[in-house]
Amino acid sequence: MKTMGIGERLQQVRTRIEQAQRQSGRAPGSVCLVAVSKTQSADALIEAYRHGQRHFGENYLQEAIEKQSSLAHFRITWHFIGPVQSNKTRIIADRFSWVHSVDRLKIARRLNEQRPAELGPLNICVQINIDSESTKSGIALEKLPELAAQIADLPGLRFRGLMAIPKESDSAESTKASFRKISAAFEDLLAQGFPIDTLSMGMSGDLETAIAEGSTLVRIGTSIFGPRR
Ligand SMILES: *Cc1c(COP(=O)(O)O)cnc(C)c1O
């Protein structure tokens, strides 16, 4: 049996996204697909790029920088989705268009100061630790209003919305409840007047649930590239 290529798998993911949009009454094209390429080779990214993929997400900075160097001529939008160390903010501010994993003011301030003006504001999502897991980054929901207000004041950043990874669970109900909490927090911020538009939630195993709960951006690795090495 021939194994499926990246192009075919990418098409399957697009179909899943379209179906989920339809089933939950969401507008076509309202969900952005970010291909999560951590541990994948530059060749794998090129393959996805050839099939029309433009947004790529990376977790590990050193690995990302190497791929960015070999893919400098491609028109890729790079998303940083891993934990941000404060001594790495300069290079992140320089090389990425988006950071999904901001969870403290110190990091936001450094990204703001270090973002080169000619690149325009860096797009920021605040990561929420929705299930209060000690192993995960992100802030508690109670701390969101203050951090959101502080980030919105930084001119080198553009506060776009929220990111979360629900705890691993066999129960679709539990995952759904976590997504619903994030979605409610997002709606609260909108009601307070924050001009946000991005709810970064949903991965290979739960993108349908995330889209049903209002996700506008899914981060998909395994379903596109296969198991990580
Ligand atoms: C690895 C990763 C993903 C992709 O996960 P898959 O289950 O492989 O789709 C999405 N978001 C973050 C933050 C990740 O680290």
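Every number for a ligand or one of its atoms is a count from 1 in the order of the listing. Atom set for the values below is all heavy atoms of this structure, side chains included, hydrogens, waters and symmetry mates excluded.
- The CD atom of Glu58 sits 10.5 Å away from atom CD of Glu66, with the distance rounded to the nearest 0.5 Å.
- Protein heavy atom closest to atom 8 (O) of ligand 1, with residue, atom name and distance, is Thr222 OG1, 2.5 Å.
- Looking from atom 11 (N) of ligand 1 to the surrounding protein, the closest heavy atom is Arg219 NE, 2.9 Å.
- By the ring pair (Phe, Tyr, Trp, His ring centres under 6.0 Å) test, Phe186 is found to be paired with no residue, residues two or more places apart in sequence or in another chain being considered.
- Shortest contact from atom 1 (C) of ligand 1 to any protein heavy atom: Lys38 NZ, 1.4 Å.
- For Ser204, a nitrogen or oxygen atom sits less than 3.5 Å from a nitrogen or oxygen atom of ligand 1, counting backbone and side chain alike.
- Among protein heavy atoms, the minimum distance from atom 10 (C) of ligand 1 is reached at Met203 SD, 3.2 Å.
- Of all the atoms in ligand 1, the ones that sit under 4.0 Å from a non-hydrogen atom of Ile165 are 13 (C).
- Looking at ligand 1, you won't find any N or O of Met163 less than 3.5 Å from one of its N or O atoms.
- Remark: Arg104 CZ to Gln127 CD distance equals 11.0 Å, nearest 0.5 Å.
- Residue contact check: Ile81 has heavy atoms under 4.0 Å from atoms 11 (N), 12 (C), 13 (C), 14 (C) of ligand 1.
- To the nearest 0.5 Å, the span separating CZ on Arg95 from CG on Leu122 amounts to 14.0 Å.
- Contact atoms of ligand 1 toward Ile220: 9 (O) (distance under 4.0 Å to a heavy atom of the residue).
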Candidate pair Lys167 and Glu133, rule salt bridge (Lys or Arg N to Asp or Glu O under 4.0 Å), full reasoning | CA-CA 7 Å; Lys167 70 169 181 284; Glu133 292 175 279; over 6 Å; no
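- Remark: Ala20 pairs with Glu208, Ile211 by the side chain to side chain contact (heavy atoms under 4.5 Å, CB included) rule, at least two apart or across chains.
- Using a 4.0 Å heavy-atom cutoff, His100 is absent from the residues neighbouring ligand 1.
- Residue contact check: Asn59 has heavy atoms under 4.0 Å from atoms 14 (C), 15 (O) of ligand 1.
- In this structure, Lys67 pairs ionically with Glu63, as a charged nitrogen and a carboxylate oxygen lie closer than 4.0 Å.
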